[in-house]
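Shown next, in structure tokens, is the structure this report addresses.
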Amino acid sequence: MALLNILEYPDPRLRRVAAAVVAVTPEIRKLIGDMAETMYAAPGVGLAATQVDVHKRIIVLDISEARDELRVFVNPEIVAAEGEAECEEGCLSVPGYYDRVTRAAAVTVLAKDADGRPFELVAEGLLAVCVQHEIDHLEGKVFVDRLSPLKRARLAARLRKKQRLVG
Ligand code: GNR
Ligand code: NI
């Protein structure tokens, strides 16, 4: 296994739209293992392939307290969404920034697992938030895109300041 480098906003590669996985090959399974290792090491509750500069529709998630319930989604699609809920979100690609985002309260997701077997998941709560956050990444979106222009401008100013400090 290997730790993968996580792209940071506003890296333009976070804007690429991921392509469907044609078949879960040994290479794809190796990528899934590396993504899981990278997510646990970060640590984060989820990771989309886009964040490690692989533009394929793959997500890993683990929202369990014990960090022992890995969920793998290959070619995930939201087929139903209901209600609205607000949650404080963060992102491994926007380190140190947290803000409230409104999303669907419950979603139904169709996907394949790491063995290529199809499954359906009905998610609510943090799981629903994370699945939507990760599928956004696969579509080239970052949670800060869902904030007001004023909040995005403030974040941009903060990132420029941080750049000046390191540069
Ligand atoms: O680790 C993460 N925590 C988190 C908290 C609230 C809402 C979404 C997330 S996902 C994030 C990991 C990440 O950036 N996944 O893309
Ligand atoms: Ni993220």
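We're numbering straight along the sequence, starting at 1.
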Notebook entry, point to check: Does the Asp145 side chain pair with the main chain of Val142, one donor and one acceptor, at a distance under 3.5 Å?
Noted result: yes
Notebook entry, point to check: Taking only residues two or more places apart in sequence or in another chain, which ones pass side chain to side chain donor-acceptor pair (under 3.5 Å) with Asp113?
Noted result: none
Notebook entry, point to check: Considering only heavy atoms from C-beta outward, does the side chain of Arg71 approach that of Leu127 to under 4.5 Å?
Noted result: yes
Note to self: Any heavy-atom pair between the side chains of Arg100 and Glu89 that's under 4.5 Å?
What the structure shows: no
Note to self: I'd like to know whether the aromatic ring centres of Phe119 and Phe73 sit less than 6.0 Å apart in this structure.
What the structure shows: yes
Next item on the list: Supply the atom-to-atom distance Leu61 CG to Leu121 CG, rounded to the nearest 0.5 angstrom.
Entry: 9.0 Å
Next item on the list: Please report the C-alpha distance between Val45 and Arg67 in whole Å, then the side-chain angles of each, then the deciding distance to 0.1 Å, and finally whether the side-chain contact (heavy atoms from CB on, under 4.5 Å) criterion is met.
Entry: CA-CA 9 Å; Val45 295; Arg67 314 288 286 150; 4.2 Å; yes
Margin query: Apply the hydrophobic cluster definition, ILVMFWY joined by side-chain contacts under 4.5 Å directly or through others, and give me every member besides Val24.
Written below: Leu4, Ile6, Val21, Ile28, Leu31, Ile32, Met35, Met39, Tyr40, Leu47, Val52, Val54, Ile58, Val60, Leu70, Val72, Val74, Leu92
Checklist line | From Asn75 atom CG to Lys56 atom NZ, the distance as rounded to the nearest 0.5 Å | finding: 11.5 Å
Check: With a 4.0 Å cut-off, would you call Arg103 and Asp136 a salt bridge?
Finding: yes
Item checked: Flag if over 12 foreign heavy atoms under 6.0 Å of CD, Glu120 -> yes
Check: Do the non-hydrogen side-chain atoms of Pro10 and Arg15 ever get within less than 4.5 Å of each other?
Finding: no
Can you give each donor-acceptor pair under 3.5 Å made by side-chain atoms of residues 153-167, sequence neighbours left out, with the distance rounded to 0.1 Å?
residue, atom, partner, partner atom, Å
Arg158, NH1, Gly96, O, 3.4

Item checked: Within 6.0 angstrom of Glu84 CD, more than 12 heavy atoms from elsewhere -> no
Item checked: Shared hydrophobic cluster for Ile59 and Ile63 (ILVMFWY, side-chain gaps under 4.5 Å) -> yes
Notebook entry, point to check: Within a radius of less than 6.0 Å around CD of Glu86, do more than 12 heavy atoms belonging to other residues, nucleotides or ligands occur?
Noted result: yes
Next item on the list: Indicate yes or no for a side-chain donor-acceptor contact from Arg152 to the backbone of Leu147 under 3.5 Å, with no hydrogens or angles considered.
Entry: yes
Check: Is it true that Tyr98 and Leu126 fall in one hydrophobic cluster, defined by side-chain heavy atoms closer than 4.5 Å?
Finding: no
Margin query: Test of understanding: with side chain to side chain contact (heavy atoms under 4.5 Å, CB included), list the residues that count as partners of Ala66, not counting sequence neighbours.
Written below: Asp68
Note to self: Just so I know, are the side chains of Gln132 and Ile78 near enough to count as touching, which here means a heavy-atom distance under 4.5 Å?
What the structure shows: yes
Check: Does Glu37 use its side chain to pair, donor to acceptor, with the backbone of Ala2 at less than 3.5 Å?
Finding: yes
Checklist line | Test item: Gln51 and Leu7 side chains (from C-beta on) under 4.5 Å apart, heavy atoms | finding: no
Notebook entry, point to check: Does any N or O in the side chain of Thr108 come within less than 3.5 Å of the main-chain N or O of Val79, such that one atom is a donor and the other an acceptor?
Noted result: no
Check: Hey, mind stepping through Lys151 and Asp99 against salt bridge (Lys or Arg N to Asp or Glu O under 4.0 Å) and telling me if it holds?
Finding: CA-CA 9 Å; Lys151 283 184 167 180; Asp99 215 331; 3.1 Å; yes
Notebook entry, point to check: Side chains of Asp34 and Lys30: closer than 4.5 Å at any heavy-atom pair?
Noted result: yes
Notebook entry, point to check: If we only count heavy atoms from C-beta on, is the Tyr97 to Phe143 side-chain gap below 4.5 Å?
Noted result: yes
Check: Going from CZ on Arg146 to NE2 on His133, what distance comes out if it is rounded to the nearest 0.5 angstrom?
Finding: 10.5 Å
Checklist line | All side chain to side chain contact (heavy atoms under 4.5 Å, CB included) counterparts of Glu27, not counting sequence neighbours | finding: Thr25
Notebook entry, point to check: Which heavy-atom pair separates Ala128 from Ala105 by the least distance, and what is that distance?
Noted result: CB-O, 3.6 Å
Check: Taking C-beta and beyond as the side chain, do Ser93 and Leu14 meet within less than 4.5 Å on heavy atoms?
Finding: yes
Notebook entry, point to check: So, the side chain of Asp115 versus the backbone of Arg117: is there a donor-acceptor pair under 3.5 Å, distance only?
Noted result: no
Notebook entry, point to check: Can you name the side chain to side chain donor-acceptor pair (under 3.5 Å) partners of Glu139, sequence neighbours left out?
Noted result: Arg57
Check: Looking at SG of Cys91 and CD of Glu134, how far apart are the two atoms once the value is rounded to the nearest 0.5 Å?
Finding: 7.5 Å
Note to self: If you compare all heavy atoms of Ala48 against all heavy atoms of Leu138, which two are closest, and at what distance to 0.1 Å?
What the structure shows: CB-CD2, 4.0 Å
